[in-house]
Amino acid sequence: MAKNIIISTLIIVLFGCDPDTTDSPAPEDVFVKFHGNAGVTSVIDFLLHPDPNNDGYVIFGSTDSQVMKTDIDDTDTDFLLIFTDNQGNEIDNGRISYDAGPENNAVPKKIISTQDGGFLMVGSVDILINGTDSIINANNQTERFDFINEPVTRAFVQKVDANGAHQWNFIYPSDVNLVAASTSLFRDDAVPSSEIANGVIQASDGNFILIGRSTQVNIQKPDFGDGTTDVADIWVLKFDQAGIQITETGEASGIIFERRLGFPGEDEGIDIFERSDGQLTMIGNGEGETNENGKDILYVTSDANAFNNNFQEYGTLEDDIVTSVELLSDNGVAVVGYTQSQGDKTIVARFNSVGTEEFFKTIELNQREAFDSNDSRSQIEWSGTHRGHGITQMQNGSFAIVGQLDNVSVTDNTIANASSADRGSDMLFFTINGFGEISPNSVQRQFGGTQDNDVGIAVRHLIDGRFVLVGNMDLVDGDMITIIKTNSRGNITR
């Protein structure tokens with residue numbers, strides 16, 4: 001019953017925002033699907049199935065729900081993979097969870113299809129390490145430390161076949177594979193380094209390249225100084241298509257190269273792409289060369305071995321945070337995120353194949369929507385803050401974006417002296433033209449139930465012109481993955 005109520009609420013919000021629509025469809029005529037049960041189940045990435053004979057969807061996220069897990073009965077958070085049909089329904093044996101170890105909480109970030117028809121998932125995991133590590137201190141001296149149950153964050157990589165069956169996985173660096181002392185790496189304290197994986201590609205040679213963040217920084221980069229203000233670097237790890245194998249004595253095989261790069265300060269790699277000429281494009285966040293205007297978008301190009309790096313910075317006077325990147329057919333990239341220069345506002349940028357900015361826009365959206373539904377006049381208001389989380393390019397060169405609207409409230413104007421009911425954040429969906437602008441043909445929609453936090457994570461444009469949106473909604477039965485299909489105008493459809 002709770003799910004039906006929430007579906008009705010979603011329909012009211014959506015269709016009320018469309019002046020061409022006066023009647024809401026019946027629930028059986030709409031595409032709104034939920035995945036989750038008793039706990040927190042969330043999505044972080046989403047694929048249209050890569051098999052041309054399969055028109056279903058691939059959902060990658062995490063769960064701490066015992067009902068949703070398919071392996072070890074524990075209380076931690078696992079990677080979660082769900083295969084659905086084209087109506088968003090889970091197929092038989094289409095839900096698999098992957099455990100990163102007893103009581104290790106896994107944080108998913110990215111899934112890609114692989115050349116063998118399977119999938120590779122990356123993220124991070126919180127673990128406790130035991131062992132001895134070496135660091136180079138601020139006086140360029142080597143110090144050794146013993147760690148006992150020391151909490152750290154490390155990269156977690158999981159490879160599966162086309163049906164989601166486990167093939168191999170690894171945690172790197174592991175508890176027995178601590179980063180060795182190096183004359184080119186620096187850490188200013190006795191805390192073990194943390195490595196986080198955010199993105200991954202399979203290169204043309206079949207091997208994988210991971211990008212993320214490491215707190216063990218490179219002292220050979222320009223303007224390193226004494227390292228006291230250097231927090232983290234962009235971390236790039238290329239490894240064999242069979243993964244990294246770590247022995248009981250801590251020896252690792254399968255690593256092709258490992259790089260740390262950036263500016264003094266805090267830098268992080270968000271996603272990485274291989275261009276048609278074999279060179280690499282990396283998108284990240286960083287404080288930049290001057291560290292004067294908060295975090296900027298970093299556009300980095302390098303050769304195939306992540307050497308000869310060229311950095312370009314783009315941003316406003318405050319922090320600009322990248323949340324998602326899409327590679328375009330011309331080897332350029334589209335970036336979505338948010339800026340804090342005017343409160344949280346969605347930013348969208350497009351760069352060509354050499355990193356030249358084609359546009360960089362702070363999006364201004366309508367802050368008030370009135371709608372008519374079921375003979376009840378209501379009004380949606382929100383604080384004006386919004387964050388973009390996912391982007392895709394449409395066939396006509398325009399872009400579709402999903403994210404969240406913050407501090408949403410609803411007032412029923414048929415009630416005298418009605419007060420607003422705060423329902424937290426709503427899922428946001430809107431389109432812009434190929435120049436990054438809201439146009440007369442742009443769509444703006446929001447979706448939300450009666451609970452607190454609803455967020456759009458990813459969007460895909462289908463060849464028939466419809467959109468598939470995925471996100472997370474706070475429902476009565478717990479936090480659930482939500483799939484919504486709309487027509488070209490953003491109206492919920494079959």
**Report entry** Minimum heavy-atom distance Ile481-Ser42, with the two atoms named
**Finding:** CG1-C, 3.6 Å
Report task. Find out whether Phe208 and Gln241 are in side-chain contact, i.e. whether some heavy atom of one side chain is under 4.5 Å from a heavy atom of the other. Result -> yes
**Report entry** Step-by-step salt bridge (Lys or Arg N to Asp or Glu O under 4.0 Å) determination, Lys110 to Asp271
**Finding:** CA-CA 9 Å; Lys110 184 80 172 182; Asp271 217 337; 3.2 Å; yes
**Report entry** Cation-pi, Tyr338 ring and Arg387 (6.0 angstrom, 45 degrees)
**Finding:** yes
Requested in this report: Could you tell me whether Arg350 and Glu326 have a side-chain N and a carboxylate O separated by less than 4.0 Å?
Outcome: no
Query raised in the report: Any sub-3.5 Å donor-acceptor pair from Gln446's side-chain atoms to Leu405's backbone N or O?
Result: no
Query - Contact check, side chains of Val333 and Leu328, non-hydrogen atoms, under 4.5 Å - result: no
Report task. Measure from NZ or CZ of Arg259 to the centre of the six-membered ring of Phe307 and say whether it is under 6.0 Å with the direction within 45° of the ring axis. Result -> yes
**Report entry** Derivation and outcome, side chain to side chain contact (heavy atoms under 4.5 Å, CB included), residues Ile211 and Met282
**Finding:** CA-CA 8 Å; Ile211 191 169; Met282 295 170 261; 3.7 Å; yes
Query raised in the report: Does the pair Asp320/Lys345 count as a salt bridge with the N-to-O cut at 4.0 Å?
Result: no
Query raised in the report: Should Lys295 and Glu287 count as an ion pair when the cut-off is N to O under 4.0 Å?
Result: no
Query raised in the report: Are Asp85 and Lys33 close enough for a salt bridge, meaning some N to O gap below 4.0 Å?
Result: no
Report task. Could you please spell out the steps behind the salt bridge (Lys or Arg N to Asp or Glu O under 4.0 Å) verdict for Glu195 and Arg213? Result -> CA-CA 6 Å; Glu195 279 72 30; Arg213 176 183 187 271; over 6 Å; no
Query raised in the report: Asp240 and Asn207: which non-hydrogen atoms are nearest, and at how many Å?
Result: CA-OD1, 3.4 Å
